Each structure stands twice: as C-alpha cells, then as structure tokens.
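To start, the structure under review is shown below, and the notes come after it.
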Amino acid sequence: MPPRRPRPNPAAALARGLDWTGRSRPEEALAMAVLVALPLAWLRWGPGLVEGWHRGHEALGIVPLALLVVPAAGIAVRRLADMGRPGWWAWGLAVPWLRWALLAALLLVPPSQRRRAP
C-alpha cells in the first residue's frame, strides 16, 4: 500500500505565506494564484452580474484581496528562491504585462537544485 499524502491545509498554506524564507513548490504558487484570482474575478465581473452593485459588494472582493497580498508575495519570493532567482523579481508582478510572464514562470519552471547565493 503506498504511503498516504497529507491533506492540504489552507490555513497552514496561508501561514506559510507569511514566512518569506525557504522554498515553495509550484503547487503552492498555483493555489495562491487561484485564491487571488477569485476576488479579482468578483471585482471585474461582479458589477455586470449583480443588479444594484454597491460598496458592500465591492468590499466582498477588496477585503479578501487585501488579506492575501502579503501571503501571496511571500509565496512568490519563496518560489523565486526555489527557482534560483532573487526575491526582488517579485516586484515584476506589479508591472501589467510582465506579471503574466512571471506568473507563468512561477507556475511552470521546475525547482532548481542550486541555491542562490545570499
């Protein structure tokens, strides 16, 4: 019988996002990308879907997004370290067209066996 893999714990994954040291796997980056995409999708398409859109509806997207900013940045920095790249590359996620290329790299590039020099 193969060993059982531990169940993913979303709370533990978010807490790990607050630790900016170490390495992250692409699966963690994918999970965080999905968590960030949900409130962004709500903010983008919600006004067209909800009649009488108001600030309360907007808060349903802004509040979770604001709470996910720091853990998402932490996972991005750790994932960059896992790829052998410097953490300041995470600033590329703030540049409109560059963010898609960097996000693709975070999700698709396999882990590096080499350590980045401090």
Side-chain angles (χ1 to χ4, degrees):
M1 190 162 162
R4 291 178 53 165
R5 293 181 67 173
R7 284 190 176 163
N9 183 349
L14 286 175
R16 258 182 59 82
L18 298 175
D19 177 18
W20 290 42
T21 61
R23 301 174 119 190
S24 278
R25 296 186 324 230
E27 296 84 20
E28 285 181 295
L30 177 62
M32 185 55 73
V34 169
L35 279 177
V36 169
L38 292 173
L40 285 174
W42 173 253
L43 289 171
R44 171 69 174 99
W45 292 297
L49 297 173
V50 177
E51 189 174 326
W53 181 266
H54 55 80
R55 292 198 187 267
H57 290 108
E58 207 168 279
L60 290 174
I62 292 174
V63 170
L65 195 58
L67 293 174
L68 289 173
V69 167
V70 173
I75 287 178
V77 168
R78 286 200 339 262
R79 181 69 189 114
L80 285 165
D82 191 38
M83 293 167 42
R85 303 288 181 231
W88 62 264
W89 278 29
W91 283 104
L93 292 170
V95 179
W97 290 99
L98 180 61
R99 89 175 43 125
W100 298 110
L102 184 58
L103 185 60
L106 290 175
L107 298 177
L108 299 175
V109 173
S112 171
Q113 297 302 320
R114 64 186 173 101
R115 287 280 191 183
R116 190 176 64 79

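Predicted model, so just to flag it, every value in this text is computed and none were measured.
Considering only heavy atoms from C-beta on, D82 comes within 4.5 Å of P111 through its side chain. Between R79 and L107, the closest side-chain pair of non-hydrogen atoms is not below 4.5 Å. Using a 4.5 Å cut-off on side-chain heavy atoms (C-beta onward), L102 and L80 make contact.
In this structure, V50 is a member of the same hydrophobic cluster as L60, with clusters built from ILVMFWY side-chain heavy atoms closer than 4.5 Å. If you chain together hydrophobic residues whose side chains sit under 4.5 Å apart, I75 and L40 fall into the same group. M32 and L65 fall within a single hydrophobic cluster, where Ile, Leu, Val, Met, Phe, Trp and Tyr side chains are chained together by heavy-atom contacts under 4.5 Å. Linking Ile, Leu, Val, Met, Phe, Trp and Tyr whenever their side-chain heavy atoms come within less than 4.5 Å puts L43 and L68 in one cluster. Under the 4.5 Å side-chain contact rule for hydrophobic residues, V70 and V63 do not share a cluster.
Residues L103 and L93 approach most closely at N-CD2, 4.3 Å, considering heavy atoms. Among all heavy-atom pairs drawn from P71 and L67, the shortest one is CD-O, 3.4 Å. Residues A90 and A76 come closest through the heavy atom pair CB-CB, 4.4 Å. Heavy atoms only, all atoms of each residue included: G87 and V77 are closest at O-CG2, 3.9 Å. Between P39 and G61, the shortest heavy-atom contact is CB-O, 3.3 Å.
Atom CZ of R99 sits in a crowded spot, with more than 12 heavy atoms from other residues, nucleotides or ligands closer than 6.0 Å.
Annotation: salt bridge (Lys or Arg N to Asp or Glu O under 4.0 Å) contacts of E58 (sequence neighbours excluded): none.
In this structure, L49 CG and R44 CZ are separated by 10.5 Å, a value rounded to the nearest 0.5 Å. In this structure, M83 CE and L108 CG are separated by 9.5 Å, a value rounded to the nearest 0.5 Å.
Contacts classified as ring-ring contact (aromatic ring centres under 6.0 Å, His included) and involving residues 39-86 (residues at least two apart or in different chains) are given here: W42-W53, W53-H57, H54-H57.
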